[in-house]
Amino acid sequence: MLTIQFIRDNRDIILERLEIKNFKQPGLIDTIISTDDNRRSLQVKTNELQAELNRLSKEIGMLFKKGEKEKGNEVREQTTGLKKELESLEKELQEATLKLNELLVLVPNIPHPSVPPGKSEADNRLIREGGTMPDLHQGALPHWDLGDRYNLIDFDLGVKITGAGFPVYRGKGAQLQRALIAWFLDENTTAGYEEILPPLLVNEASGFGTGQLPDKEGQMYHVTGDNLYLIPTAEVPVTNIYRDVIMKAEELPVKNTAYTPCFRREAGSYGKDVRGLNRVHQFDKVEIVQIQHPENSYDALEEMVKHVEQLVIRLGLPYRIVQLCGGDLGFTSALTYDFEVYAAAQKKWLEVSSVSNFESYQANRLKLRFRETGEKRPMLTHTLNGSALALPRILAAILENNQTPEGIRVPEVLHKYMRSGSEIIN
RNA sequence: GGAGAGAUGCCGGAGUGGUCGAACGGGGCGGUCUCGAAAACCGUUGUGCUCUUCGGGGCACCGAGGGUUCGAAUCCCUCUCUCUCCGCCA
């Protein structure tokens with residue numbers, strides 16, 4: 001969330017910038033400011049009263065120590081009225097603070113100046129594209145049929161043991177999956193990211209820290225018995241490592257990568273795009289996360305984009321990078337680049353990575369700060385993350401694009417992770 | 001799952017009703033000494049909110065939330081977590 005100080009200092013700019021995100025609620029911003037005004041005046045009154053009460057209490061202590069009981073009791077009587085007053089003030093203050101926080105989380109992050117206006121993905125800006133479109137043979141199949149034919153992915157079995165959207169990978173399909181994970185992790189590590197293997201279940205505080213709670217609660221699987229949530233992305237446990245942390249400036253940047261399965265309920269998203277691996281409830285993803293000095297976060301974003309681009313290129317997939325327009329940009333993001341790869345049999349662009357700079361929006365929620373050497377006050381860091389990469393759609397594109405009448409060619413970079421003889425799936 | 005112990009600052013650890021934001025030790029930072037370093041010595045060392053004449057002042061925070069009290073790190077209640085032993089278990 002944005003800091004209250006920032007909102008107070010930049011009311012007009014924020015309103016103007018948020019229009020890009022199609023967010024037009026001047027009323028909300030003004031309510032926030034007046035709520036804060038109220039909170040502040042209550043704070044002052046409460047503090048004054050507390051100071052007075054503290055003073056009297058000390059006096060009572062002294063008087064009793066000196067043996068002046070009567071005088072002590074006299075002063076004690078003065079406190080009763082003050083206490084009552086203080087009690088109601090404290091309650092008001094608490095309510096105002098609570099209300100302020102509820103309102104603050106309703107304000108989205110302000111978009112970067114480069115974000116194009118727009119309502120939907122149709123207005124996203126194409127940054128660049130690469131790779132070559134495959135020329136498929138007659139009778140080429142979409143990946144769900146290929147998965148079936150070569151016994152790689154069994155969707156029906158997943159329905160049997162869990163439900164729709166929980167595919168079972170088997171044989172060379174499972175191997176390919178494992179190869180992709182290993183290769184992504186190795187590449188990310190080579191690029192300087194520390195590998196993390198985090199828990200797949202997180203508590204409420206972590207859900208709140210990265211913004212899934214309270215607003216996107218319905219998107220996560222909730223383990224009610226222990227009040228834990230299955231992670232929708234590794235971003236949640238990994239970023240929460242740094243919740244309530246104050247780092248030294250020289251410890252920045254932090255670069256982490258993590259493979260995890262991801263669990264998403266995807267409530268309400270049924271339709272034509274959900275076929276096969278295009279949208280599932282459980283999938284594997286390798287994530288990259290950076291915690292950066294504010295001055296360097298946009299350089300880091302570019303670096304992350306280049307890194308992800310290399311992965312896609314080396315897998316030999318046709319791809320394009322788009323910058324999300326205001327309307328498509330996530331609530332917490334300032335700038336997001338999406339990577340899409342082309343799945344040639346179903347003739348569709350599939351989103352496989354989303355690389356974002358959250359600036360200090362997420363850090364403020366997390367209370368993730370750093371201190372410049374010699375500085376007294378800690379400052380919020382910037383946080384960034386991206387997929388590098390999400391597996392199912394990559395797998396779908398590989399299967400579809402690399403199919404030949406003789407079988408499916410496994411990209412060369414994955415060969416060393418496959419059992420020998422598995423370079424071609426037939 | 002059963003029994004017990006505990007949760008204090010960057011770390012260790014004291015503190016069981018009043019001047020305790022917190023002894024002492026370690027670490028960090030600054031300084032003296034030194035060609036430099038070590039040692040020794042001196043100083044300093046949390047976060048948030050808030051007011052400010054920008055010197056500084058006030059308030060809150062000792063796992064979390066309530067309560068008792070003029071006054072709570074300290075007493076009471078609830079919750080969470082950690083550790084030890086037993087049981088179970090990959």
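In what follows, chains carry the letters A, B, and so on, assigned in the order in which the sequence lines appear, proteins first and then strands, with residues in each chain numbered from 1.
- For the pair A:Arg76 and A:Glu48, nearest-nucleotide mapping onto RNA chain B gives the more 5' position to A:Glu48.
- Rounded to whole Å, the separation between the P atoms of B:rU74 and B:rC62 comes to 8 Å.
- Counting only distance, with no hydrogens or angles, the side chain of A:Asn109 and the backbone of A:Thr332 share a donor-acceptor pair below 3.5 Å.
- Nucleotides B:rU82 and B:rG25 have their C1' atoms positioned 24 Å apart, rounded to a whole Å.
- With contacts defined as side-chain heavy-atom distances shorter than 4.5 Å, the pair A:Arg264/A:Phe283 qualifies.
- Considering only heavy atoms from C-beta on, A:Glu90 stays 4.5 Å or farther from A:Leu93 through its side chain.
- Put simply, A:Lys248 has no side-chain N or O that comes within less than 4.0 Å of OP1 or OP2 on B:rG28.
- Across the protein-nucleic acid pair, A:Gln50 atom CD and B:rG57 atom P stand 18 Å apart, rounded to whole Å.
- Close to B:rA60, at under 4.0 Å from its OP1 or OP2, lies a side-chain N or O of A:Asn54.
- In summary, of the residues considered (A:Val168, A:Leu395, A:Asp148), a side-chain contact (heavy atoms from CB on, under 4.5 Å) with A:Ile153 occurs for A:Leu395 alone.
- Counting heavy atoms from C-beta on, the side chains of A:Thr210 and A:Gln362 come closer than 4.5 Å.
- The gap from the C1' atom of B:rG4 to that of B:rC42 amounts to 47 Å, rounded to the nearest Å.
- If you take CG of A:Asp226 and P of B:rC81, they are 9 Å apart, rounded to a whole angstrom.
- A:Asn73 comes within 4.0 angstrom of no nucleic acid atom, judged by non-hydrogen atoms across all strands.
- At a threshold of 4.5 Å between non-hydrogen side-chain atoms, the residues A:Met247 and A:Leu368 count as touching.
- Within the nucleic acid shown, A:Glu90 has no heavy atom closer than 4.0 Å to any nucleic acid atom.
- Between the P atom of B:rC59 and the CG atom of A:Leu82 lies a distance of 14 Å, rounded to the nearest Å.
- Across B:rA73 and B:rA23, the matching C1' atoms stand 14 Å from one another, rounded to whole Å.
- A search for side chain to side chain donor-acceptor pair (under 3.5 Å) contacts involving A:Glu52 returns A:Arg55, not counting sequence neighbours.
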Can you check each nucleotide of nucleotides 44-49 of chain B against protein heavy atoms at under 4.0 Å and return B for base, S for sugar-phosphate only, - for none, in 5' to 3' order?
-> --SSSB

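- Spacing of P atoms, B:rA3 relative to B:rA90, comes out at 25 Å, to the nearest Å.
- Using a 4.0 Å heavy-atom cutoff across all strands shown, A:Leu56 reaches no nucleic acid atom at all.
- Taking atom CG of A:Leu49 as the reference point, atom P of B:rG71 lies 12 Å away to the nearest angstrom.
- Straight-line distance between the P atoms of B:rG13 and B:rG6: roughly 14 Å, to the nearest whole Å.
- For the C1' atoms, the distance linking B:rG36 with B:rA14 amounts to 39 Å, nearest Å.
- The shortest distance between side-chain heavy atoms of A:Val115 and A:Gln323 falls below 4.5 Å.
- Ring-plane geometry between A:Tyr221 and A:His281 is classed as perpendicular, the angle between the planes exceeding 60 degrees on a 0 to 90 degree scale with a lower cut at 30.
- The distance between atom CG of A:Leu86 and atom P of B:rG58, rounded to the nearest whole Å, is 17 Å.
- If you take CG of A:Leu89 and P of B:rU50, they are 16 Å apart, rounded to a whole angstrom.
- Rounded to an integer number of Å, the gap from CZ of A:Arg55 to P of B:rG57 is 18 Å.
- Nucleotides B:rG67 and B:rC85 are separated by 39 Å at their P atoms, to the nearest Å.
- Between A:Gln94 and B:rG66 there is a side-chain polar atom (N or O) within less than 4.0 angstrom of OP1 or OP2.
- Rounded to an integer number of Å, the gap from CG of A:Asp244 to P of B:rG9 is 14 Å.
- Side-chain contact between A:Glu340 and A:Ile321 is absent, with no heavy-atom pair separated by less than 4.5 Å.
- The glycosidic torsion of B:rG55 lies within 90° of 0, placing the base in the syn range.
- RNA chain B is contacted by both A:Ile4 and A:Thr79; A:Ile4 maps to the nucleotide lying nearer its 5′ end (nearest heavy atom per residue).
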Dot-bracket encoding of pairs in RNA chain B, which uses [ ] for pseudoknotted crossings and | for another strand, Watson-Crick or G-U under 3.5 angstrom = ((((((((.[[[..)..(.....]]]((((((.......))))))((((((....)))))).[[[[[..)....]]]]])))))))....

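- Taking the six-membered ring for Trp and thresholds of 30 and 60 degrees, A:His222 and A:Tyr229 have nearly parallel ring planes, at less than 30 degrees apart.
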